[in-house]
Asks: 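Let me begin by handing over the structure; questions about it come next.
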Amino acid sequence: MTVRVKVIDKPEQTLMEKSYVPEIAKGLGKTMQRFFQNTFGSQESKRTATVRYPEQQREYPERFRGIHRLTHRADGSPRCVACLCCSTACPAQCIYIEPAEYEPDDPRYGYERYPAVFVIDELRCIFCGYCVEACPCDAIRMDTGMHMPPSTEREHFMYDKETLMSIPGKDGTYQSANPRHEPGDPTHPGLDREQGH
Amino acid sequence: MDLTVLLVSTIAKIVFVLAVTVGVFAPLLIWAERRQSAMIQDRVGPSRAGVRIGGKNITLIGLLHPLADALKMIWKEDFVPPNADRFLHAIAPMLTVATAIAVFAVIPFADTLWLGHGGDYLIDLGRGRMCWKPELGASCAQAYGQGTAIPLQIANLNVGILYVFAIAGTGVIGAALGGYASDNKYSLLGGLRAASQMVSYEVVLGLTLVGSFMIYDTLQLDQMVRWQQEHVWGVFVQPVAFFMYMFAAIAETKRVPFDLPEGESEIVGGYLTEYSGFKFGMFFMSEFVEIIALSAIAATIFFGGWHLPFLTEHGFELAGTMFHLPHGVVVGIQILAFLLKVVVFIWLQLMIRWTLPRFRYDQVMSLCWKILLPLSLINIMVTGIIVLMVG
């Protein structure tokens with residue numbers, strides 16, 4: 001088998017191009033144009049692509065994944081039912097949940113559980129958003145638009161239930177836009193432990 | 001002249017030159033290099049270094065970065081390789097920076113300053129004490145003795161520009177010694193490259209200016225400026241030499257597109273590889289001081305030094321009307337004009353630095369020996385013929 005070599009001719013250069021001087025002038029013209037445009041030009045004509053970060057911040061995209069929050073029910077308790085879907089889905093295994101049963105006289109007793117302990121290790125979190133996708137109750141969301149506040153203490157990044165519930169969403173509310181239908185509400189589809197499926 | 005006046009004025013001039021070059025221009029140049037490249041490349045540029053005053057971070061559009069740089073370099077560890085020649089390793093950056101600064105000794109930054117006299121009648125052409133205004137006649141020579149003349153130039157050497165070449169040539173030793181003393185093969189190769197490049201371009205740098213000496217008929221830089229004041233700026237009589245000078249000057253400062261002594265892919269940091277701390281800082285600073293020095297020489301020889309069009313000894317003269325200015329103000333304007341020209345040349349050099357990609361080493365050498373050297377010789381010949389023909 002012969003090796004096929006494709007010969008590519010060098011592009012022809014005119015004498016002016018070979019002397020480089022006009023080409024250098026052209027290049028200089030280009031950089032100078034950009035320099036003056038970006039230095040003395042009007043705000044609209046500037047093409048500067050970067051910003052002065054801490055003082056000047058870019059708006060994040062609408063679906064930016066910030067730190068987590070636990071959404072509230074109307075009565076202020078967490079919507080979380082401690083199903084462990086999020087901690088199961090989490091690839092970084094940063095969510096720790098201890099589920100607990102409601103008191104026997106609670107209407108939710110035997111119907112759903114609540115998280116007695118809900119801790120997210122924000123340092124382990126990779127902000128993939130799988131927990132939000134996995135949650136069947138819209139109880140965990142990453143729509144806060146916030147970064148983790150910096151700290152030198154490792155413990156400060158272990159966000160417990162109270163911390164997670166104290167973080168509002170981007171719109172400032174603690175609820176979720178998706179309505180929750182409690183047993184007894186007229187909008188409740190009527191499936192609960194007593195009525196059966 | 002009084003010895004005290006001589007001493008005080010000389011020390012004042014040295015302090016002025018040091019303050020302008022090392023104190024103001026070199027840090028500004030570090031800032032300008034970063035900021036200008038940012039502007040060319042559609043970036044914001046450095047703006048982080050700041051002083052916190054009353055909870056507000058004052059950054060002054062990044063102007064404090066050179067200060068932060070200097071602080072960093074002073075406090076960094078000054079590492080010397082175990083087998084290096086400690087003495088030569090230490091003396092190389094000093095040589096480089098000292099020679100770079102020493103060039104300013106002969107550069108005039110304004111016309112002669114006259115003390116103890118209004119200065120309105122006094123014009124010293126240096127040669128033969130001529131009078132600018134013939135109607136003053138004999139009184140001119142009389143007045144000449146009255147005031148104290150302070151040439152605004154540290155040393156008015158009669159070899160002038162040759163001193164510049166001699167000092168610039170000594171700068172090669174710093175680079176070569178740094179490469180030799182570091183006990184590192186990359187340093188040695190970088191030092192060799194720096195030495196051969198600088199020696200080659202020094203030849204061109206000298207020869208491009210020979211045409212100018214022939215026209216100006218002097219080697220003293222202040223006399224060259226006076227010739228341009230009387231006739232026309234040097235760039236109009238020696239345009240080709242000016243372009244070649246710019247090429248050679250950039251090559252002489254070892255910056256992009258001629259930054260062959262350094263190369264991450266081939267020889268790491270060149271002769272700078274084993275330098276850290278303030279020794280590196282000195283090399284770094286000498287590079288910027290060299291840019292300023294070569295810009296100052298370009299401004300002096302090709303763009304009339306302190307001379308501004310329409311500015312005479314007595315004030316501005318525009319279309320027959322005179323705006324009289326005191327002598328001190330005229331000298332001040334001349335200093336500003338000279339510094340402005342230097343700034344323009346520095347800006348141009350930075351512009352070139354951020355426009356062109358670097359050459360290959362053999363291209364640098366062939367550009368020097370095969371193109372620039374013959375061209376500068378032809379330039380000398382043509383200039384000689386014209387000078388002979390014109391008289």
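Given the structure is predicted, the values throughout are model-derived calculations rather than measurements. Just so it is clear: chains get the letters A, B, ... in the order the sequence lines come, proteins before strands, and each one is counted from 1.
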Asks: Is it true that, when you exclude A:Glu153 itself, more than 12 heavy atoms of the residues, nucleotides or ligands shown sit nearer than 6.0 Å to its CD?
Replies: yes
Asks: Does any heavy atom of chain A fall under 4.5 Å from the side chain of B:Gln41, the backbone, both, or neither of them?
Replies: neither
Asks: Counting only heavy atoms from other residues, nucleotides and ligands, does the tally under 6.0 Å from CD of A:Gln93 exceed 12?
Replies: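 Not buried by this count: 12 neighbours or fewer within 6.0 Å.
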Asks: Which heavy-atom pair separates B:Phe247 from A:Ile24 by the least distance, and what is that distance?
Replies: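 For B:Phe247 versus A:Ile24, the nearest heavy atoms are CZ-CD1, 4.3 Å.
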Asks: Distance from B:Leu350 atom CG to A:Thr31 atom OG1, nearest 0.5 Å?
Replies: 11.5 Å
Asks: Nearest 0.5 Å please: distance from the CZ atom of A:Phe35 over to the CG atom of B:Asp42.
Replies: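 These two atoms lie 12.5 Å from each other.
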Asks: Surrounding CZ of B:Phe165 (heavy atoms of other residues, nucleotides or ligands, distance under 6.0 Å), is the total greater than 12?
Replies: yes
Asks: Between B:Ile40 and chain A, which part of the residue has a heavy atom less than 4.5 Å away: side chain, backbone, both or neither?
Replies: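 For B:Ile40, backbone and side chain are both near chain A.
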Asks: Check this for me: B:Glu264, atom CD, are more than 12 non-hydrogen atoms of other residues, nucleotides or ligands nearer than 6.0 Å?
Replies: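 No, because the 6.0 Å sphere around CD of B:Glu264 holds 12 heavy atoms or fewer from other groups.
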Asks: How close do A:Asn38 and B:Met39 get, heavy atom to heavy atom, and via which atoms?
Replies: ND2-O, 2.6 Å
Asks: Tell me if the OH atom of A:Tyr130 is crowded by more than 12 foreign heavy atoms within 6.0 Å.
Replies: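 No, because the 6.0 Å sphere around OH of A:Tyr130 holds 12 heavy atoms or fewer from other groups.
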Asks: Between B:Leu348 and chain A, which part of the residue has a heavy atom less than 4.5 Å away: side chain, backbone, both or neither?
Replies: side chain
Asks: Keeping A:Thr48 on the side-chain end and B:Val44 on the backbone end, is there a donor-acceptor pair under 3.5 Å?
Replies: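 Side chain of A:Thr48 to backbone of B:Val44: no pair is present.
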Asks: Crowded around A:Glu59 CD? As in, over 12 foreign heavy atoms under 6.0 Å?
Replies: no
Asks: With a 4.5 angstrom heavy-atom cut-off, which part of A:Val21 approaches chain B: side chain, backbone, both or neither?
Replies: neither
Asks: Working to the nearest 0.5 Å, report the span between CD1 of B:Ile352 and CE of A:Met32.
Replies: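 Those atoms lie 7.5 Å apart.
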Asks: For A:Met158, does the CE atom sit with more than 12 other heavy atoms under 6.0 Å from it, leaving out its own atoms?
Replies: no
